[in-house]
There are 2 protein chains.
Amino acid sequence: MKKPTRISLAKQITTEIESQIESGRWPVGSKIPPESHLAEQFGVSRNTMREALQSLTQSGVLASKPGDGTYVMTAGKFEANMYTRLEKAETKEIAEARLFLEKDLAILAAKNRNETDIEKIALALKKRNEKKATLEEEAKSDIEFHVEIAKAAHNSVMYELYRYMSNYIYELILEKMYQDLEKDSPDSEKLHQDLFLAIKKQDPIEAEKVASCINHF
Amino acid sequence: MKKPTRISLAKQITTEIESQIESGRWPVGSKIPPESHLAEQFGVSRNTMREALQSLTQSGVLASKPGDGTYVMTAGKFEANMYTRLEKAETKEIAEARLFLEKDLAILAAKNRNETDIEKIALALKKRNEKKATLEEEAKSDIEFHVEIAKAAHNSVMYELYRYMSNYIYELILEKMYQDLEKDSPDSEKLHQDLFLAIKKQDPIEAEKVASCINHF
DNA sequence: GAGTATTTGTACGAACAATTT
DNA sequence: AAAATTGTTCGTACAAATACT
């Protein structure tokens with residue numbers, strides 16, 4: 001999405017390490033060389049080396065034990081860290097994932113929502129329907145609405161997964177909006193209204209059905 | 001899950017900043033003081049301060065613009081970073097999220113799987129059904145099976161979301177297994193077999209139905 | 001429009017703590 | 001007890017982007 005003018009050393013090394021693992025040079029289960037050695041090999045400081053390794057640790061490719069070493073947990077390019085993956089991901093895949101998550105969240109929200117949730121969703125819906133000056137505002141209010149539903153689902157894990165994706169969705173929506181400026185399709189406003197009503201009625205089946213119809217792209 | 005002997009300064013400050021935002025001290029949309037000032041206020045180096053801010057940036061609570069400053073994007077404890085959230089999350093919530101994701105992935109896998117995927121899933125299923133010496137191995141082979149299905153879905157975003165959760169699921173499964181040692185319920189093996197067959201038949205509806213029945217906890 | 005100051009981003013080097021072998 | 005390895009923190013320097021005069 002964004003094209004950094006310069007790729008940091010840490011990211012370059014992360015990519016390099018990934019290929020090493022993919023190529024089988026460091027098999028799953030094996031211990032990789034200590035940070036100090038790697039830093040020397042790559043000609044960087046240990047700080048930079050650590051940063052490179054940490055992104056792989058966080059995504060579960062590597063696991064480190066203090067006083068022992070760092071081990072390879074999984075292999076394959078599929079295991080790139082989340083940030084990188086989402087950046088590289090196809091628009092189609094992000095849209096698909098969004099649809100699934102929003103469907104799930106709609107079901108949960110219909111089951112678990114309380115009165116406060118309903119008020120907040122209603123408010124977000126109202127804001128969404130107002131005319132906006134810029135496309136940025138429009139995209140933002142759309143996401144806000146869905147985020148409120150995500151909160152109403154009362155499942156912090158699902159919420160966090162959705163929230164994490166939203167950062168990327170935002171830019172995607174903008175890109176798309178700039179392409180075809182037809183804005184909201186005629187029934188988009190009605191669909192969002194219906195989704196709200198289904199959740200208010202506590203009707204998970206209806207909520208799922210409507211959520212499936214909201215095609216964002 | 002784990003209890004660090006000592007909490008790093010960065011994490012302490014992250015928590016502190018979160019409360020500042022929650023309390024409304026720094027409203028959404030406002031620009032927070034520059035890193036250098038904050039570092040001085042908290043009595044730490046800018047390095048440490050940056051680390052604290054970065055975890056909030058990554059989770060979308062803050063957003064930084066080079067040459068400008070750092071802005072508050074969202075408020076509320078819901079926005080804690082993913083790592084923290086998943087660690088604190090209730091077992092019930094993780095199980096629920098897992099069920100939803102596995103259902104979604106089953107549908108996608110049934111639609112998108114190719115022959116290679118089928119072979120890999122079959123292999124993973126075979127391994128899953130073998131008798132295991134330890135509970136760890138058993139839990140691992142169960143997750144492996146589902147991860148193969150996730151790969152067969154051919155959606156890197158959904159895959160990554162699932163993969164991210166798996167790290168935590170693993171420990172949870174173990175915990176649960178140690179509690180009630182009844183291992184696989186009688187029909188669990190059959191359900192997994194059915195899920196495999198549904199994906200092989202490319203029957204998304206059947207796959208969804210079966211996946212919904214697999215209750216891991 | 002140009003130049004300067006401010007602010008975030010990247011990278012290095014060093015030291016010590018904590019943990020495992 | 002000692003050595004090796006990861007974890008944390010500091011201080012510093014410069015690059016890159018933005019804001020301001």
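So that the names make sense, note that chain A is the first sequence line, chain B the second, and so on, each numbered from 1. Atom set for the values below is all heavy atoms of this structure, side chains included, hydrogens, waters and symmetry mates excluded.
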Write down the distance between [atom1] ([X]) and [atom2] ([N]), rounded to a whole number of angstrom.
| X | N | atom1 | atom2 | value |
| --- | --- | --- | --- | --- |
| L53(A) | dT5(D) | CG | P | 14 Å |
| L62(A) | dT6(D) | CG | C1' | 13 Å |
| E51(B) | dC10(D) | CD | P | 10 Å |
| K11(B) | dT8(D) | NZ | C1' | 12 Å |
| L9(A) | dG13(C) | CG | P | 12 Å |
| Q54(A) | dT6(D) | CD | P | 12 Å |
| Y71(A) | dT20(C) | OH | C1' | 9 Å |

* May I ask you to list the residues of residues 38-45 of chain B, by number, that have any heavy atom positioned under 4.0 Å from an atom of DNA chain C? =>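 The stretch gives none, as no residue of it lies under 4.0 Å from the strand.
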
* Asked: Which atom names give the shortest non-hydrogen contact between A106(B) and I199(B), and what distance separates them?
  ->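 What the structure gives for the nearest pair is O-CG1, 4.2 Å.
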
By side chain to side chain contact (heavy atoms under 4.5 Å, CB included) - contacts of [X] (at least two apart):
| X | answer |
| --- | --- |
| K111(A) | I107(A), P204(A) |
| E40(B) | none |
| T116(B) | N114(B), K120(B) |

* To do: Could you list the residues that satisfy salt bridge (charged side-chain N to carboxylate O under 4.0 Å, His left out) with K31(B), not counting sequence neighbours?
  =>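 If we apply the salt bridge (charged side-chain N to carboxylate O under 4.0 Å, His left out) test to K31(B), skipping adjacent residues, the hits are D68(B).
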
* To do: Identify, with sequence neighbours excluded, every residue that meets salt bridge (charged side-chain N to carboxylate O under 4.0 Å, His left out) alongside E51(A).
  =>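 Per chain and number, E51(A) pairs via salt bridge (charged side-chain N to carboxylate O under 4.0 Å, His left out) with no residue.
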
* Asked: Are R98(B) and E102(B) within salt-bridge range, i.e. N to O under 4.0 Å?
  -> yes

* Asked: Can you list the residues that meet the ring pair (Phe, Tyr, Trp, His ring centres under 6.0 Å) rule with F145(A), with sequence neighbours excluded?
  ->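 Applying ring pair (Phe, Tyr, Trp, His ring centres under 6.0 Å) to F145(A) gives H192(A).
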
Residues forming a side chain to side chain donor-acceptor pair (under 3.5 Å) with [X], sequence neighbours excluded:
| X | result |
| --- | --- |
| Q20(B) | E16(B) |
| S45(B) | T48(B) |
| E35(B) | R46(B), R50(B) |

* If the sugar-phosphate is the primed atoms plus P, OP1 and OP2 and the base is the rest, what is the B/S/- string for nucleotides 2-7 of chain C, using protein heavy atoms under 4.0 Å? -> ----BB

* Just to confirm, is there a sub-4.0 Å distance from OP1 or OP2 of dG9(C) to any side-chain nitrogen or oxygen of S64(B)? ->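 Indeed, a polar side-chain atom of S64(B) lies that close.
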
Could you list, one pair per line, each protein nitrogen or oxygen that sits under 3.5 Å from a nitrogen or oxygen of nucleotides 14-17 of chain C, together with the distance?
none

